[in-house]
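Here is the structure we will look at.
Counting begins at 1 with the first residue of the sequence. Just so you know, ligand 1 is whichever comes first in the structure, and atom 1 is the first atom listed for that ligand.
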Amino acid sequence: MTTHDQFTNYVLPTYGRFPIVPDKAQGTHLWDSEGNKYLDFCTGIAVCSIGHCHPRLTQAIQEQASKLMHCSNLYEIAEQGELAQTIVEDFVKIPGKIFFANSGAEANEGLVKLARKFGHTKPAASGEARHEIITFGNSFHGRTMGSLSATGQPAIQQGFAPILEGMQYAEFNHLESVKALISDKTAAILLEPVQGEGGVNPANAEFLNGLAALCKEHDLLLMFDEVQAGFGRLGEDMAWRAIAPELEPDAISWAKGMGGGFPIGAFWISDRRIDPDTTLSSQLGPKTHGSTYGGNPLACAASLAVLAEIKEAGLCDNVKAREAQIRSAIESWNHPAISELRGKGLLLGFGLNPEALTFPYGQTSALALVLKLTELGLLTVPAGADTLRWLPPLNVTEEEVDQALALLKQALEALSA
Ligand SMILES: *Cc1c(COP(=O)(O)O)cnc(C)c1O
């Protein structure tokens with residue numbers, strides 16, 4: 001039976017899949033089962049952050065897999081301790097504590113629980129626990145019940161009502177819309193510093209700093225979902241620092257790029273005091289949360305290798321240089337089909353002008369362009385109907401970016417009316 005037939009017969013059709021069967025990959029390149037070679041600017045949706053099968057990552061996994069794969073969080077896992085210290089000291093650089101999970105949705109569930117717990121510890125003046133979380137239109141936080149409830153996209157919640165109670169959706173980059181939703185029930189604000197799935201929309205500094213001020217004023221938690229944008233993707237260790245470096249969040253979630261392809265997620269909670277003798281991180285104390293797999297030795301060894309490579313190879317500098325290279329090329333093209341280039345670092349969204357492109361009825365401009373690019377040998381991913389997203393590995397070279405730009409130009413020409 002072919003892979004395609006197996007998918008038809010045995011795999012739930014939850015994804016619209018491209019007709020490619022990936023076979024192997026190395027660095028920025030991927031080969032399919034028919035031997036076609038692609039430049040990979042999708043990287044499993046921002047996951048393979050140091051490129052496919054990086055020797056450092058592969059070796060770390062191989063060594064750990066033959067030493068100790070899994071034990072349990074009933075024990076003090078050395079690799080987990082090491083990874084927590086690395087994240088707090090070298091990346092977040094604000095005192096706090098980490099919980100390890102296996103995915104982005106799971107990490108965000110932790111943030112939702114933190115907000116609820118905080119709202120119990122510090123209730124409204126009436127004595128009633130605060131439980132509402134303000135999130136944003138076009139956000140994406142995952143597919144579990146809590147995270148899909150936080151996701152401000154009706155299409156993702158369609159058919160799954162009743163969703164988790166207490167989610168309020170404000171307008172992204174619109175401070176007044178947030179103010180209007182704050183009540184004595186509000187406990188936290190949760191957002192992506194750059195919305196990824198929702199179309200590559202970066203928050204602006206004024207907005208983030210405004211949210212931080214509102215959180216201070218109303219005693220709310222400021223929580224960042226950095227699942228897609230964290231760990232170097234935006235050209236800084238942490239995503240929010242690429243936008244509003246002076247700000248200090250209360251909690252952050254990550255997944256995707258932190259494992260470079262090995263499943264791992266995590267969230268960090270600040271050690272700041274929420275009253276004279278209570279820290280925020282103490283809110284998730286003994287028996288409040290757990291995960292069988294979360295932070296197991298194998299996942300942590302993989303993540304340690306990825307984070308060490310990001311630091312030692314200076315990948316944030318490369319991210320900034322490659323972003324500048326892409327921006328200057330797109331500016332010089334002044335192509336009628338590209339209305340704008342949004343995003344930051346190597347989380348970039350080409351806003352497309354559908355009127356300037358010809359594509360089959362039933363497709364969107366982004367899908368048509370992704371299909372054309374795939375045919376030409378460049379893997380990319382749509383972000384909404386009219387945005388083409390590029391998520392190359394953080395160590396993509398100048399030459400590879402030039403090749404991708406040439407393919408993009410060729411694809412736009414092919415689709416131009
Ligand atoms: C992908 C993503 C998630 C969900 O992560 P999973 O690992 O698929 O559960 C959550 N938030 C953001 C911003 C994402 O990009």
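- Donor-acceptor pairing under 3.5 Å is recorded for the side chains of Gln59 and Glu63.
- Checking each of Thr28, Asp32, Leu378 against Tyr38 for a side chain to side chain contact (heavy atoms under 4.5 Å, CB included) leaves exactly one that passes, namely Asp32.
- Heavy-atom neighbours of Lys67 NZ from other residues, nucleotides or ligands within 6.0 Å: at or below the threshold of 12.
- There is no side-chain donor-acceptor pair under 3.5 Å between Arg342 and Gln195.
- Separation of the Trp254 and Phe231 ring centroids falls under the 6.0 Å cut-off.
- Relative orientation of the His335 and Trp333 rings is perpendicular, given thresholds of 30° and 60° on the angle between their planes.
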Contact table ligand 1 N or O to protein N or O, d under 3.5 Å:
residue	atom	partner	partner atom	Å
ligand 1	7 (O)	Gly104	N	2.8
ligand 1	9 (O)	Gly104	N	3.4
ligand 1	9 (O)	Ala105	N	2.8
ligand 1	11 (N)	Phe140	O	3.2
ligand 1	11 (N)	Asp225	OD1	3.4
ligand 1	11 (N)	Asp225	OD2	2.7
ligand 1	15 (O)	Gln228	NE2	2.7
ligand 1	15 (O)	Lys256	NZ	2.6

